[in-house]
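Quick note on labels: first sequence line is chain A, next is B, and so on, each numbered from 1. Since we're looking at a predicted model, the values are computed, not measured.
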Number of protein chains: 2
Amino acid sequence: MGKAEDTKARLERAALTLFVARSVAETTTKEIAMAASVAEGTIYRYFPSKEQLALDLFLRHHQGLAEALGEAQRPAKALRAKIEAIVRCYCEWADRDWTLFAYHLLNQHSFLIQVPDGAANPVTVVRDVISQAMKAGEIPRRNVDLVAASAIGVVMQAATYKVYGRFTGDLSDHVRFFADAAWAVLAVKEK
Amino acid sequence: MGKAEDTKARLERAALTLFVARSVAETTTKEIAMAASVAEGTIYRYFPSKEQLALDLFLRHHQGLAEALGEAQRPAKALRAKIEAIVRCYCEWADRDWTLFAYHLLNQHSFLIQVPDGAANPVTVVRDVISQAMKAGEIPRRNVDLVAASAIGVVMQAATYKVYGRFTGDLSDHVRFFADAAWAVLAVKEK
DNA sequence: TATTTATAAGTGAGCAATCACTCAATTTCA
DNA sequence: TGAAATTGAGTGATTGCTCACTTATAAATA
């Protein structure tokens, strides 16, 4: 790794850690620079602004995750297998870089509106899979967005509570449970 | 309503709306005062600081919701009935004052650590109900925190996506589905 | 190879703007 | 008239960001 790339990476990691511990608004450029062992001015050699640095970090994870989820579910045929592939992929992403994952999780509401239209999107991947399965008659037809939200919530809320420290350990340890639970949500019978 | 009480209520509502639209950190005291048709100094007759105003709003909803959920589930005997009571109560709270609800939802991570120990807590209510049901053999024994998170996620993620505008309409319209889905999550069979 | 030149990377004092909060003066109203 | 409520210009502290300058690295030249 070149010197410049190393500095940029250090800045990103320092910012990420602080953004999660406090928040983007409450983290100062001075703090980021200190944590990266660099002068404040150096930040602006690599990023046009603090906000852009925050957005860059978010978008990279957001789009990377979306693509990974898309590829993970593709080989599977039936909905049940697709769900398990998606859940496993998601949990592995979370466990691999928990700080980046937590940052993405806690800052969706501030950045989601800035995601370019048509860009890869984790939610759309899940939504499309569910929509397909409804058309194929694998699960009852319902409001797709509602059902997708509930199914996603099974995993995402667990992840959120891990961020809050309500429980510990790898998310990946519970892939089977998450997949079973998400499937159960999607398969709820109409009455 | 007295004049002073009216001013305080207007300030709270103005702050709430702005906190949801932007965020606490990005909302200025000047904006709050303007939105409440009041001078900036007036804020400090009713609140010691902007942060305390933000915390007051959060805690009032947090504890009110916790008590309401606790009372809602008490009369019910079986887990299935308790779940439905909790879900219905939660959705009604959300629909009754959506702005306050959205504020609570989006700012959990900043305020949850400041909740006084032993104070009424929505999550604890759900956790206890699930824990009881496990002891009674109504559902399989599992990591209570994990299972509670997933069950809660079924409803909370749907609420979150409504905040993001991914779908519209009252949450209460889907109480039956949420309750069925949460139940399905809790009842997932061990293998 | 040794020396000069060019470029990239890094610095930190300082600036303009903004913010939460204060308080002396003014208005409201019983 | 007097206490309570309200006002908004003012204050000190903080912030994101700039920029003239230094240092490190690489390229070119003799």
Side-chain angles (χ1 to χ4, degrees), chain A residues 1-60 99-100 103 106-107 109-111 113-114, chain B residues 1-60 99-100 103 106-107 109-111 113-114:
Chain A
M1 195 190 297
K3 197 180 168 194
E5 284 163 39
D6 173 67
T7 304
K8 188 174 185 185
R10 281 213 322 282
L11 274 169
E12 285 177 341
R13 184 50 55 175
L16 197 62
T17 312
L18 289 164
F19 287 168
V20 171
R22 313 164 87 76
S23 73
V24 175
E26 286 161 348
T27 299
T28 67
T29 49
K30 197 166 298 227
E31 286 175 315
I32 298 172
M34 272 190 52
S37 307
V38 134
E40 207 178 344
T42 306
I43 295 173
Y44 296 90
R45 295 253 164 225
Y46 298 96
F47 306 94
S49 70
K50 187 182 89 166
E51 280 305 314
Q52 190 63 46
L53 161 55
L55 182 59
D56 278 5
L57 286 169
F58 181 86
L59 285 184
R60 190 184 315 158
T99 311
L100 182 55
Y103 173 68
L106 295 173
N107 292 280
H109 44 294
S110 19
F111 293 122
I113 20 172
Q114 299 183 64
Chain B
M1 197 189 295
K3 199 178 167 195
E5 285 164 37
D6 173 67
T7 304
K8 187 174 184 183
R10 282 213 321 282
L11 274 170
E12 284 177 341
R13 184 51 53 174
L16 197 61
T17 312
L18 289 164
F19 287 167
V20 171
R22 315 165 84 78
S23 75
V24 175
E26 286 162 348
T27 299
T28 68
T29 49
K30 197 168 295 227
E31 287 175 315
I32 298 173
M34 272 190 51
S37 307
V38 134
E40 210 178 342
T42 304
I43 295 172
Y44 295 89
R45 183 153 297 270
Y46 298 97
F47 305 95
S49 69
K50 187 183 90 167
E51 279 307 313
Q52 189 63 46
L53 161 55
L55 182 60
D56 278 5
L57 286 169
F58 181 87
L59 283 184
R60 191 184 313 157
T99 311
L100 182 56
Y103 173 68
L106 295 174
N107 292 280
H109 43 295
S110 17
F111 292 123
I113 18 172
Q114 302 184 59

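To the nearest 0.5 angstrom, L53(B) atom CG is 9.0 Å from Y44(B) atom OH. Rounding to the nearest 0.5 angstrom, the gap separating the CD atom in E51(B) from the CZ atom in F111(B) is 6.0 Å. Taking CZ from R60(A) and CD from E12(A), the interatomic distance works out to 4.0 Å, rounded to the nearest 0.5 Å. Rounding to the nearest 0.5 Å places OG1 of T42(A) at 9.5 Å from CD of E40(A).
Taking atom NZ on K30(B) and atom P on dA20(C), their separation rounds to 10 Å, with Å as the unit. Between the NZ atom of K8(B) and the C1' atom of dA4(D) there is a distance of 16 Å, rounded to whole Å. One interatomic measurement links the two molecules: CE of M34(B) to P of dT6(D), which rounds to 18 Å at whole-angstrom precision. What separates CZ of R10(B) from P of dA5(D) is a distance of 14 Å, to the nearest Å. The distance from atom CG of D6(B) to atom C1' of dA4(D) is 16 Å, rounded to the nearest whole Å.
Using cut-offs of 30° and 60° for the angle between ring planes, the Y103(B) and F58(B) rings count as perpendicular.
Counting any heavy atom pair closer than 4.0 Å across all strands shown, T29(B) reaches a base atom.
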Handout entry: Steps toward side-chain hydrogen bond (donor to acceptor under 3.5 Å, both in side chains) verdict (Q52(A), S49(A))
Key = CA-CA 5 Å; Q52(A) 190 63 46; S49(A) 70; 5.2 Å; no
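The shortest distance between the side-chain N/O atoms of T7(B) and the OP1/OP2 oxygens of dA5(D) is not below 4.0 Å.
Of the residues in residues 35-57 of chain A, those with a non-hydrogen atom less than 4.0 angstrom from any atom of DNA chain D are E40(A), Y44(A), R45(A), S49(A), K50(A).
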